[in-house]
Amino acid sequence: MPMLNRSPATEEEAISVQLSLRQQCENRSPIDAGSIHIVAGADAAYAREQVFGALVCISFPERKILDQAVGQASITFPYIPGLFAFRELPVLETTFQNLRTIPDLLIAEGHGYAHPRRFGLASHLGTVLGVPTIGVAKKPLTCEVRVPGPDRGSVSEIIDENEVIGMAVRSKPGTRPVYVSRGFGTRLDLAVEIVLGLSGDHRMPEPLVLADRLARKARSDWKAGR
DNA sequence: GCGACAG
DNA sequence: ATCTTGTCGC
């Protein structure tokens with residue numbers, strides 16, 4: 001089954017795609033925490049014109065690795081803040097096809113609703129795959145955030161245009177907070193709950209740490225064999 | 001116009 | 001994200 005999706009040719013086209021898919025995203029009713037048993041993390045690593053994707057599924061809340069997959073693609077879109085999804089989406093879709101397990105929830109590295117148009121990578125990926133998602137980013141995108149308290153579990157709201165669009169979460173003491181938002185089929189409170197349930201050993205939730213390592217390994221394996 | 005700007 | 005050794009600090 002060939003993948004006929006092309007990357008947008010212009011920024012304007014990319015933005016209109018976001019505005020269109022956003023409607024579809026908002027249609028999906030949110031899942032609840034009780035239905036989450038398998039959580040996946042998604043990440044990518046770059047080498048020149050190649051990008052390597054990785055997905056790792058773990059059990060929740062036990063954190064046992066259940067399945068994982070990698071994928072490779074050529075880069076087809078530049079990095080533009082606000083349009084980041086168009087850079088990583090193709091390889092993550094390919095990687096998802098290589099996965100044997102359908103996760104109950106997918107964690108993307110980047111923002112979901114906490115986005116200028118409320119449709120970041122996490123929202124976009126979830127909408128395209130039909131899998132509930134949340135976004136976890138290392139930095140806020142557009143708006144500044146109050147700093148949460150020093151204790152693990154402390155949170156502060158990310159507010160834009162008088163709306164709470166995400167949460168800064170102290171996932172590990174002594175490190176900078178992570179920026180959490182809902183994606184496709186999820187709510188912010190659940191997103192925060194999951195992040196706190198899967199972090200602590202590291203600042204980022206475990207599935208993202210594992211996916212990051214796997215993507216880097218896929219890249220080094222590729223470099224070694226050429 | 002200038003600076004900011006997920007990864 | 002990536003290019004990259006040593007180094008300051010807990």
Tyr113(A) and side chain to side chain donor-acceptor pair (under 3.5 Å): which partner among Arg187(A), Arg22(A), Arg182(A), Glu163(A)?
-> Glu163(A)
Can you find a heavy atom in the side chain of Glu109(A) that is under 4.5 Å from one in the side chain of Glu88(A)?
-> no
Remember a base hit wins even if backbone is also touched, and classify Gly82(A) as base, sugar-phosphate or nothing at under 4.0 Å, heavy atoms.
-> base
Given the side-chain rings of Phe86(A) and His124(A), with only the six-membered ring counted for Trp, is the space between their centroids under 6.0 Å?
-> yes
Before giving the answer on side-chain hydrogen bond (donor to acceptor under 3.5 Å, both in side chains), spell out for Gln50(A) and Ser74(A) the whole-Å C-alpha distance, their side-chain angles and the decisive distance to 0.1 Å.
-> CA-CA 5 Å; Gln50(A) 295 296 300; Ser74(A) 295; 3.2 Å; yes
Show which residues join Trp222(A) in its hydrophobic cluster (side-chain heavy-atom contacts under 4.5 Å, direct or indirect), or state none.
-> Phe52(A)
Give Pro116(A) one of three labels, base, sugar-phosphate or nothing, depending on what nucleic acid heavy atoms sit under 4.0 Å from its own.
-> nothing
Report the secondary structure of DNA chain B in dot-bracket form, marking unpaired bases with a dot and bases paired to a different strand with |, and treating Watson-Crick or G-U pairs with both distances under 3.5 Å as paired.
-> .......
Between which nucleotides of DNA chain B, 5' to 3', does chain A make heavy-atom contacts below 4.0 Å?
-> dC5(B) to dG7(B)
Shortest non-hydrogen pair, Pro207(A) vs Ile58(A), comes out as CG-CD1, 3.6 Å
Strand DNA chain C as a dot-bracket string - pairs counted if Watson-Crick or G-U with both distances under 3.5 Å, | where the partner lies in another strand = ..........
Pairing of Asp212(A) and Lys217(A) as salt bridge, 4.0 angstrom limit | no
For Ile75(A), which contact category applies under a 4.0 Å heavy-atom criterion: base, sugar-phosphate, or nothing?
-> nothing
Please list, pair by pair, any protein nitrogen or oxygen found under 3.5 Å from a nitrogen or oxygen in nucleotides 8-10 of chain C.
none

The contact string for nucleotides 1-7 of chain C, one letter per nucleotide 5' to 3', using protein heavy atoms under 4.0 Å with B, S and - for base, sugar-phosphate only and none, comes out as SSS----
Is Leu196(A) close to Arg152(A) at the side-chain level, that is, under 4.5 Å between some pair of heavy atoms?
-> yes
In terms of side-chain heavy atoms, does Glu206(A) have a donor or acceptor partner in Ser199(A) at a distance below 3.5 Å?
-> no
Sub-4.5 Å side-chain heavy-atom contact between Leu99(A) and Cys57(A) = yes
Identify which one of Val195(A), Asp43(A), Val180(A), Ile134(A) satisfies the side-chain contact (heavy atoms from CB on, under 4.5 Å) criterion when paired with Ile107(A).
-> Ile134(A)
Within-4.5 Å side-chain heavy-atom neighbours: Phe96(A) and Ile102(A) = yes
Which pair of non-hydrogen atoms, one from Arg48(A) and one from Ile75(A), has the smallest distance, and what is that distance?
-> O-CD1, 3.4 Å
Between Cys25(A) and Thr127(A), is any pair of side-chain heavy atoms under 4.5 Å apart?
-> yes
Does Arg203(A) reach the main-chain N or O of Thr175(A) with its side chain, forming a donor-acceptor pair under 3.5 Å?
-> no
